[in-house]
Amino acid sequence: MSQVRVRFAPSPTGFFHIGSARTALFNWLYARHTGGVFVLRIEDTDAARNSEEFLRVIYDSLSWLGLNWDEGPKVGACGGGELGPYRQSERGAIYKDYVGRLLSAGRAYEKDGAVWFRLLGDRHEVFDEHKKKTVTKVKTAPVVINDLIRGRVERAEDEDFVIVRSDGSPVFHLVNVVDDIAMNITHVIRGEDHLSNTSKHVALYEGFGVTPPAFAHIPLILKQNGPGKMSKRDQGALIEEYQRRGFRPEALVNFLCLLGWNPGDDREKMPIADIIRLFDLPGVNQSNARFDEKKLAHMNMSYLLELPAEKFVAAAREFFQRQAVPTVVPAALAADAAYFREVILLCQPKIKGIEELPAYTANFFAEDFSIDAKAREKVMAKGDPSARLRELAGALATADFSSDLALEETIKVMAAARGLGFGDYQPVARLALSGTNVGPPITGMMRVLGRERVLARLGRFVV
RNA sequence: GUCCCCAUCGUCUAGCCCGGUCAGGACACCACCCUUUCACGGUGAGAACCGGGGUUCGAAUCCCCGUGGGGACGCCA
């Protein structure tokens, strides 16, 4: 068989939905797995709802996820191709030509100013409960779809349908099929919500005298709470949201792959190259999957943890730069780059997401941090914190601040001399230094803050 | 209302096609360990074959019915 050609055909509505992302991803994976071509086609027939800005959302989201397209609108290194234009708003003449063929073959007719596709079979009038009106039903031979994921599906289309509106604009079913024919699409991989439409599409293929492509209907993503499929209004539905929150795209991609597909063994976290190698349509599940943000968050953390230092620092800086104006951010960005780097790397192993960073690191960039009342109460309730603080300040006055280990040693020696341990100093030191009882290792904090600031904070802290 | 798809722990899933395993893993939850706080990590516990009929020596696995969930029935895409 010739080269696989798949397509992703989003509509620029201003949102890039997580379900769309997975459809794009599965198409892309199949293209990469088979050495085929991934086509991006923009379904922007609804002129009123489209804009260049909305197109950007699509391009940005796909690029961020790493789903590069071989043919389609030219954006950066992506796009191009001989079978364009790849925006439906620019393909009017092609649709007109295809509709003309149907008209002259008697497979389409005009009624009420619109063009209708004519089904083949006996006709009779019947009252439709759902539409609350009398319609003309057509007794057609059932269409058989050999779905690559679902197997044999049979469905009979039973009413003629509009393919060109009375205002002259072509309808989705028509343009979809025409473009798939014109762009030599071999495999249509799309959401299960289109399974019922497929009988219409197959009828159109037959009308054009073209063998339909292979179909693969992937399961839907259901909202995590409540009934129904995920919609753009649901929590966690938008790709831009994850991008904005500093998620790792590779984590989101990995997570999305696992919604309805698996490598056949227990592996979950895996490099994209492995996924490409293992991915195949028959391995895709048939049942819908419920979205689980906790599992995604865990996957993201896992990727964050292993991110190389410079990439992590860059991701953090980028995230800080995009923040609206929380008080700590300007200070953090104004800070010395080397210092910023030290702070961020100190916190990398401790956080679950990039978005925690501003709050988590706030006390590194400002001296006027507040003291957490609960933490204070806890610390003050045990031992003699005020004495510990004085002793600590004394020891640190001459300590070596160049390494965590040296600091730890200094504190341990000083503690041992008094029959105490590191743990007797850690809580109060943390409270005085950061105002909380959580954070990165205390010696690391001291090293990064430096002697001067550490002593100042210890001295300033009132017991 | 009509049509289509689906059905294993709370969630994502392996196992199903080619019937025989203590029904496995991950997230979440709980306990313990590690520990310098908080995390990470480690160990362990609890947790599922939707129901009913068949077929069979034997059914999560094959068949039928029911129930439940999802989707489609636009001059939206």
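In the text below, chain A, chain B and the rest are named by the order of the sequence lines, each starting its count at 1. FYI, side chains are in, hydrogens and waters are out, and symmetry mates aren't considered; it's all heavy atoms of this structure.
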**OP:** Taking atom types as modelled, find out whether A:Gln88 and A:Asp179 have a side-chain donor-acceptor pair closer than 3.5 angstrom.
**Re:** yes

Original post:
Between A:Gln286 and B:rC6, is there a side-chain N or O to OP1/OP2 distance below 4.0 Å?
Top reply: yes

Extract all donor-acceptor atom pairs below 3.5 Å that involve side chains of residues 405-421 of chain A and protein atoms in other chains or at least two apart in sequence.
residue, atom, partner, partner atom, Å
A:Glu408, OE2, A:Lys412, NZ, 2.8
A:Thr410, OG1, A:Ala406, O, 2.9
A:Arg418, NH1, A:Met414, O, 3.4

Original post:
So what does A:Pro440 touch, heavy atoms closer than 4.0 Å: a base, only the sugar-phosphate, or nothing?
Top reply: base

**OP:** Identify, between A:Ser166 and A:Leu296, the residue whose nearest nucleotide on RNA chain B lies closer to the 5' end.
**Re:** A:Leu296

Original post:
Paired with B:rA72: which nucleotide, if any, by Watson-Crick or G-U wobble criteria at under 3.5 Å for both distances?
Top reply: B:rU2

Original post:
Closer than 4.0 Å, any side-chain N/O of A:Lys132 to the OP1 or OP2 of B:rU2?
Top reply: no

Original post:
Is atom CZ of A:Arg460 surrounded by more than 12 heavy atoms (other residues, nucleotides or ligands) closer than 6.0 Å?
Top reply: yes

Original post:
What is the nucleic acid contact for A:Pro441, judged by heavy atoms within less than 4.0 Å: base, sugar-phosphate only, or nothing?
Top reply: base

**OP:** Could you tell me whether A:Arg150 contacts a base, only the sugar-phosphate backbone, or nothing, with contacts defined as non-hydrogen atoms closer than 4.0 Å?
**Re:** sugar-phosphate

**OP:** For A:His194, report the nucleic acid contact type (base, sugar-phosphate, nothing); a contact means any heavy atom under 4.0 Å.
**Re:** base

Original post:
Is the NZ or CZ atom of A:Arg56 both under 6.0 Å from the centre of the six-membered ring of A:Tyr59 and within 45° of that ring's axis?
Top reply: no

**OP:** Please say whether the positively charged group of A:Lys200, taken as NZ for Lys or CZ for Arg, lies over the ring of A:Phe161, i.e. under 6.0 angstrom from the six-membered ring centre and within 45 degrees of the axis.
**Re:** yes

Original post:
Nearest of B:rU11, B:rC3, B:rA77 to any side-chain atom of A:Arg155?
Top reply: B:rC3

Detail all sub-3.5 Å separations between protein N/O atoms and N/O atoms belonging to nucleotides 13-17 of chain B.
residue, atom, partner, partner atom, Å
B:rU13, OP1, A:Gly260, N, 2.8
B:rU13, O3', A:Asn262, ND2, 3.0
B:rA14, OP1, A:Asn262, ND2, 2.8
B:rA14, OP1, A:Asn285, ND2, 3.1

Subject >> Any side-chain donor near an acceptor of the partner, A:Thr436 and A:Asp372, under 3.5 Å >> reply: no

**OP:** Could you check whether A:Gly113 gets within reach of a base, just the sugar-phosphate, or nothing at all, counting any heavy atom under 4.0 Å?
**Re:** nothing

Subject >> Set of residues satisfying salt bridge (charged side-chain N to carboxylate O under 4.0 Å, His left out) with respect to A:Glu268, sequence neighbours excluded >> reply: A:Lys295

Original post:
What string of B, S and - do you get for nucleotides 61-67 of chain B, 5' to 3', when a contact is any protein heavy atom under 4.0 Å?
Top reply: -------

Please tabulate the protein-to-nucleotide N/O contacts below 3.5 Å involving nucleotides 39-41 of chain B, giving atom names and distances.
residue, atom, partner, partner atom, Å
B:rA39, O2', A:Lys350, O, 3.4
B:rC40, OP1, A:Lys352, NZ, 3.4

**OP:** Give one of base, sugar-phosphate or nothing for A:Glu159, where a contact means two heavy atoms less than 4.0 Å apart.
**Re:** nothing

Original post:
Closest nucleotide of RNA chain B for A:Asp193 versus for A:Ala156: which of these residues is on the 5' side?
Top reply: A:Ala156

Subject >> A:His173-A:His201 side chain donor-acceptor pair, cut-off 3.5 Å >> reply: yes

Subject >> side chain to side chain donor-acceptor pair (under 3.5 Å) involving A:Tyr303 - partner list, sequence neighbours excluded >> reply: A:Asn254

Original post:
Which ones in residues 409-426 of chain A lie close to RNA chain B, meaning a heavy atom under 4.0 Å from one of its atoms?
Top reply: A:Phe422, A:Gln426

Original post:
A:Asp112 has a side chain; which of B:rC75, B:rC4, B:rC38 sits nearest to it?
Top reply: B:rC75

Original post:
Does A:Glu241 have any salt bridge (charged side-chain N to carboxylate O under 4.0 Å, His left out) partners at least two apart in sequence or in another chain, and if so, which?
Top reply: A:Arg244

Original post:
side chain to side chain donor-acceptor pair (under 3.5 Å): which pairs involve residues 278-291 of chain A, sequence neighbours left out?
Top reply: none

Subject >> Donor-acceptor pair present, A:Lys295 side chain and B:rA26 base, under 3.5 Å >> reply: yes

Original post:
By side chain to side chain donor-acceptor pair (under 3.5 Å), which residues pair with A:Ser302, not counting sequence neighbours?
Top reply: A:Lys269

**OP:** Go through B:rU36, B:rC75, B:rC4 for me and flag the one nearest to the A:Val171 side chain.
**Re:** B:rC75

Original post:
By a strict heavy-atom criterion of less than 4.0 Å, which residues belonging to residues 442-450 of chain A are in contact with RNA chain B?
Top reply: A:Ile442, A:Thr443

**OP:** Could you pull out all residues at least two apart from A:Tyr360 that satisfy ring-ring contact (aromatic ring centres under 6.0 Å, His included)?
**Re:** none

Original post:
Phosphate oxygens OP1/OP2 of B:rA77: is one of them under 4.0 Å from a side-chain N or O of A:Arg165?
Top reply: yes

